[in-house]
Amino acid sequence: MHDIKFIRENPTQFDAQLARRGVAAQSTSILALDAQRRALQTEAQQLLEQRNAASKEIGAAKAAKDEAKAASLMATVNALKEKLPAIEAEERVVATELETILSSLPNLPAADTPDGKDEHDNVEILKHGTPRVFDFTPQPHETLGEKLGLLSAETAAKLSGSRFVVLRGALAKLERVLAQFMLNTLTEQFGYEEVSPPLLVRDHALYGTGQLPKFGEDLFKTTTDLWLIPTAEVSLTNLVREEILPSPTLPLRFTAHTPCFRSEAGSAGRDTTGILRQHQFYKVEMVSITTPEQSVAEHERMTTCAETILQRLGLPYRKVLLCTGDMGFCAVKTYDLEVWVPSQNTYREISSCSNCGDFQARRMNTRFKDENGKNQFVHTLNGSALAVGRTLLAIMENYQQADGSITIPAVLQGAMGCDSIKP
RNA sequence: GGAGAGGUGGCCGAGUGGUUGAAGGCGCACGCCUGGAAAGUGUGUAUACGGGUAACCGUAUCAAGGGUUCGAAUCCCUUUCUCUCCGCCA
């Protein structure tokens with residue numbers, strides 16, 4: 001949600017920033033609506049002021065048993081009341097219109113977010129690790145999994161249709177062990193609080209984190225009007241909705257391991273095999289709630305947390321700064337981490353860490369008390385550490401052997417109780 | 001799912017139609033008192049929006065949204081949340 005005061009004071013800058021995201025100039029129409037709304041509000045308030053004053057006098061007159069005076073005052077108030085409803089109704093209409101526009105515009109990009117049209121204009125920050133040179137043709141993970149008899153899209157399709165898989169045995173365990181490793185790293189070394197949140201949420205929670213009202217078609221909705229979360233970002237960020245936090249408690253750092261549910265409307269035909277793009281997948285999510293001063297540093301820290309996990313798993317990755325055209329709706333600035341996928345001979349997204357500034361905080365009405373005792377909106381950040389399914393896939397492919405077995409990364413061998421998954 | 005009771009300021013709590021943004025208490029801030037502290041004592045202590053250069057003024061807010069009324073924390077309706085009992089249940 002945008003700050004109408006900011007738009008009033010910086011209309012040109014507002015339009016210029018939106019233009020960087022490919023959105024047409026809005027400030028003129030927004031400010032016209034805003035002016036109209038304020039004029040109507042003032043008018044309505046003046047009428048109410050008169051009504052309130054007269055009503056008080058009626059009370060006094062009645063107390064003094066001056067019925068004649070009371071009756072004449074009532075008549076004047078009745079006259080005022082004829083005008084009021086129309087003005088109030090008009091104000092509501094204008095306010096709703098303004099709200100609709102403001103809530104459907106994406107956040108303004110940070111100064112250091114590069115301009116660009118789509119993912120091709122993203123800027124690579126670094127590469128970590130060297131993709132392994134295979135002395136055989138690396139197999140895609142779904143082939144490896146099927147040959148091991150531990151992964152089946154066909155079986156899942158019988159239950160649930162496309163974009164689901166069934167994992168079994170050592171692969172199912174590896175998925176669990178991976179999530180555990182991620183959670184332990186975040187809680188034991190990086191100060192995150194582990195949370196087990198609801199997976200079903202109301203629409204106002206999704207509005208708070210920006211999925212609604214614009215992106216409802218990407219979500220699954222239940223028959224009781226609850227929605228399945230597309231990411232734990234929704235649950236974790238909304239933990240502080242409508243709260244006024246004491247500033248010494250910031251930053252708050254939450255992590256959760258949850259299933260995520262996405263309809264993948266609009267991605268028909270893309271990544272149709274394997275576990276890269278599923279209707280349901282596990283993800284370990286990080287969310288930070290900070291002051292405005294803290295958020296830039298927190299964003300770097302958060303991204304480092306995700307990188308640390310990739311490094312410990314020995315997975316080659318690159319870090320990319322998203323351009324304005326590829327960034328999510330709420331984000332000011334986003335780093336993506338892309339893991340090396342041998343079968344595709346390319347890097348694929350495995351984590352996305354975003355600073356949302358006060359954009360979600362405005363929607364959730366989450367504030368903190370600053371040193372002067374003033375309420376200010378917090379900044380919110382979220383990132384994956386990591387998408388568990390994609391990490392599993394990356395391990396399978398990067399650690400595969402010529403015989404179709406999969407070596408277990410050293411940090412997981414203890415928890416797995418073995419050093420490889422063999423046919 | 002059935003029956004009932006409730007949701008008032010940072011917290012507790014009064015208040016069933018008329019200067020109630022809301023008594024009283026706690027907490028907090030500042031002052032007095034004190035050698036210092038405690039106790040005591042005085043004053044102050046919400047948020048949002050609109051108007052105004054400003055001091056300040058206005059409007060709204062007693063879970064949320066509607067309604068009745070000249071006037072609603074108080075009456076009515078809807079929604080929501082909490083609690084108790086019963087039923088069902090991992």
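Chain letters run A, B, ... following the sequence lines, proteins first, then strands; residues in each count from 1.
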Taking both distances under 3.5 Å as the test for a Watson-Crick or G-U pair, what stems of at least three pairs does RNA chain B have?
B:1-7 with B:80-86, B:10-12 with B:24-26, B:27-32 with B:40-45, B:46-51 with B:56-61, B:63-67 with B:75-79

Check side-chain hydrogen bond (donor to acceptor under 3.5 Å, both in side chains) between A:E49 and all other residues, then give those that pass, not counting sequence neighbours.
none

Within residues 205-231 of chain A or reaching into it, pairs that qualify as salt bridge (charged side-chain N to carboxylate O under 4.0 Å, His left out) - sequence neighbours excluded:
A:K221-A:D225

For RNA chain B, which residues in residues 94-103 of chain A have a heavy atom at a distance below 4.0 Å?
none

Heavy-atom contacts under 4.0 Å between residues 46-57 of chain A and RNA chain B, which residues?
A:L48, A:E49, A:R51, A:N52, A:S55

Do A:H279 and A:F164 make the cut of ring centroids closer than 6.0 angstrom?
yes

Looking only at the aromatic ring of each residue, does the gap between the centers of A:F377 and A:F368 stay below 6.0 angstrom?
no

What residues form a side-chain hydrogen bond (donor to acceptor under 3.5 Å, both in side chains) with A:E338, not counting sequence neighbours?
A:R318

So which pairs with a foot in residues 172-192 of chain A pass ring pair (Phe, Tyr, Trp, His ring centres under 6.0 Å), sequence neighbours left out?
none

Quick one: salt bridge (Lys or Arg N to Asp or Glu O under 4.0 Å) partners of A:E57, sequence neighbours excluded?
none

Can you tell me, in whole Å, how much space there is between the C1' of B:rG58 and that of B:rG52?
11 Å

Give a yes or no on whether a salt bridge exists between A:E193 and A:R253, defined as a side-chain N under 4.0 angstrom from a carboxylate O.
no

Name the residue closer to the 5' end of RNA chain B, choosing between A:T42 and A:N78 according to the nucleotide with the nearest heavy atom.
A:T42

Partners of A:H141 by side-chain hydrogen bond (donor to acceptor under 3.5 Å, both in side chains), sequence neighbours excluded?
A:E397

What interatomic distance, in whole Å, is found between P of B:rG42 and the corresponding atom of B:rC49?
36 Å

Say we look at B:rC76 and B:rA23: how far apart would their P atoms be, to the nearest angstrom?
25 Å

Expressed in whole Å, how much space separates the P atoms belonging to B:rG71 and B:rG66?
16 Å

Output all residues satisfying side-chain hydrogen bond (donor to acceptor under 3.5 Å, both in side chains) with A:S351, sequence neighbours left out; order by chain, then residue number.
none

Chain A footprint on RNA chain B, 5' to 3' - any atom under 4.0 Å from a heavy atom
B:rG18 to B:rC81

Do A:H379 and A:F359 have ring centres separated by under 6.0 Å?
no

By salt bridge (Lys or Arg N to Asp or Glu O under 4.0 Å), A:R51 pairs with (sequence neighbours left out) none

Would you say A:M286 and A:F254 make side-chain contact, with heavy atoms under 4.5 Å?
no

Please state the C1' separation for the pair B:rA73 and B:rG18 - nearest whole angstrom.
13 Å

